[in-house]
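Order of appearance sets the numbers: ligands from 1, and atoms from 1 within every ligand. The shown structure was predicted, so the numbers you read here are calculated from the model rather than taken from an experiment.
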Amino acid sequence: MNATITDSVPDAQGHFGPYGGRFVPETLMFPLQQLEEEYFRAQQDPEFQQELSYYLRHFVGRPSPLYLAARLTRELGGPRIYLKREDLLHTGAHKINNAMGQILLARRMGKTRIIAETGAGQHGVATATVAAMFGLQCVIYMGEVDCRRQELNVFRMKMLGAEVVSVTAGQKTLKEAVNEAMRDWVTNVRHTHYILGTAYGAHPYPVMVRNFQRIIGDEARRQILEQEERLPDLLVACVGGGSNAIGLFFPFLQDASVQMLGVEAGGEGIIPERHAARFQGGSLGVLQGTRSYILQDENGQIQLTHSVSAGLDYAAVGPEHAWLRDQGRVQYGYATDDQALAAFSKLARLEGIIPALESAHAIAAVMEQAPKMAKDQLIIVNLSGRGDKDVAQVAERMRL
Ligand SMILES: *Cc1c(COP(=O)(O)O)cnc(C)c1O
């Protein structure tokens, strides 16, 4: 593939081709410029990078293992399947990679208060964790519906000393939580940093979050070369906003032999309002600071979304994914709720690993792809998080 894909995007204004950019109220333009400057300075600063590596290693638990799922491999009868074990990180998902990066940045900027939005609660927990660790005040916005379906994470955030604001507007899920967080940020921006949880939003968030998450792919690349002495044939990751997927994919983008598959939430099938697969029923639009693929009606009203997994239940996808799809560099598919639940059980019973429902979407795609591939091929699938947060919900659906 052509090197310009990763060298030229995003441009200085945060555009990934026709996607990305910065669509925010006037009052947020200056803070975003400041954040951009401070971030790129930090990125070049060896001291910042050293501090980040220190905490990623000693607090977060990196590097995460790249584990050969031998029984899943045998069961599917195709390529060797490796799991990138982000589920083993402190707090149980990849979200902490980005939360750690951003809180170190917030400290550099002299901010004393942290806010964040959360869907499944994993990003809220990661943020509350790093805020507690550095003694910063922390407020987490979470939709009322998500508070209910992810109650365990609400308790965790509260135990970590965060204030959890249950958002009752609209669909009462992630989109509304982001709106409230942005409203808070506009009002309190002088001393508050907004730790956005995915590769989404106004520039510089998509590129910054991607760069904090690319450690997943950097490690996976090193690990597979060590263990198999060659590159993988296929990378698979679930796509909510897109941070765990871009984190795995990015360091392999120049490797033409490596195929990539992003998996969106197919919910109950591709029927309006019953899924969250933006590349299936979506179109170009602007939502919450950026231009990308969005599930919207003919009047540009944001459609309702549905997924069994709160972390994938969002009407828009990160702008870099829209760009990579246009380039034909990454393929995007979807898994339905039922497929994700089947994959959830399969991984638990075959490998002794209970995955997050989000990650189970990626496993479902592997179950579909692997039988079509050769035995001497290699798949790496990102196990973005562990399923502890989901067991009550799954038990109810399985009538356990
Ligand atoms: C939040 C979350 C996701 C979805 O977010 P991305 O930014 O698309 O990675 C996926 N898996 C887990 C475990 C999550 O917590």
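- The aromatic rings of Phe40 and His203 sit tilted relative to each other, their planes meeting at an angle between 30° and 60°.
- Closest to atom 10 (C) of ligand 1, if we only count protein heavy atoms, is Glu358 CB, 3.4 Å.
- Counting atoms of ligand 1 from 1 in the listed order, those under 4.0 Å from a heavy atom of Ala356 are 13 (C).
- Nearest to atom 1 (C) of ligand 1 among the protein's heavy atoms is Lys95 NZ, 1.4 Å.
- Residue contacts with ligand 1 include Cys238, since one or more of its heavy atoms lies under 4.0 Å from the ligand.
- No salt bridge links Arg108 with Glu51; every basic N to acidic carboxylate O contact stays at or beyond 4.0 Å.
- Under a 4.0 Å criterion applied to the non-hydrogen atoms of Gly240, ligand 1 contributes the atoms 8 (O).
- Of all atoms in ligand 1, numbered sequentially from 1 with element shown, those under 4.0 Å from a heavy atom of Gly242 are 6 (P), 7 (O), 8 (O).
- Residue-ligand proximity, Thr198 to ligand 1, at heavy-atom distances under 4.0 Å covers atoms 6 (P), 7 (O).
- The N/O atoms of Gly241, backbone and side chain alike, include one that comes under 3.5 Å of an N/O atom in ligand 1.
- For the salt bridge (Lys or Arg N to Asp or Glu O under 4.0 Å) criterion with Glu219, the lone passing option out of Arg214, Arg85, Arg57, Lys84 is Lys84.
- Only side-chain heavy atoms of His94 come within less than 4.0 Å of ligand 1; its backbone N, CA, C and O stay farther off.
- Contact of the Val154 side chain with the Lys158 side chain is registered, since non-hydrogen atoms from C-beta on lie closer than 4.5 Å.
- Where the criterion is an N or O separation shorter than 3.5 Å, residue side chain and backbone included, Ser243 meets it with respect to ligand 1.
- Checking Phe279, Trp323, Tyr332, Phe16 one by one against Tyr293, the ring pair (Phe, Tyr, Trp, His ring centres under 6.0 Å) holds for a single residue, Phe279.
- Between Glu358 and Lys389 there is a salt bridge, since at least one side-chain N of the basic residue sits less than 4.0 Å from a carboxylate O of the acidic one.
- Atoms of ligand 1 found under 4.0 Å from any heavy atom of Gly311, numbered from 1 in the order shown, are 4 (C).
- Short contacts between ligand 1 and Gln122, defined as distances under 4.0 Å to a heavy atom of the residue, involve ligand atoms 15 (O).
- For the pair Asp218 and Arg62, the salt-bridge criterion is not met [side-chain N within less than 4.0 Å of a carboxylate O].
- With hydrogens left out, the protein atom closest to atom 11 (N) of ligand 1 is Ser384 OG, 2.7 Å, a heavy atom.
- In this structure, Ala276 and Leu295 approach most closely via the heavy-atom pair CA-CD1, 3.8 Å.
- Residue contacts with ligand 1, taken as heavy atom pairs separated by less than 4.0 Å, do not involve His123 at all.
- Looking at ligand 1, you won't find any N or O of Ser359 less than 3.5 Å from one of its N or O atoms.
- Close contacts between ligand 1 and Gly385 involve ligand atoms 13 (C) [criterion: under 4.0 Å to a heavy atom].
- Under the 4.0 Å criterion applied to side-chain N and carboxylate O atoms, Asp338 and Arg397 are assigned as salt-bridge partners.
- In plain terms, the two heavy atoms of His361 and Glu264 that are nearest each other are CD2-O, 4.0 Å.
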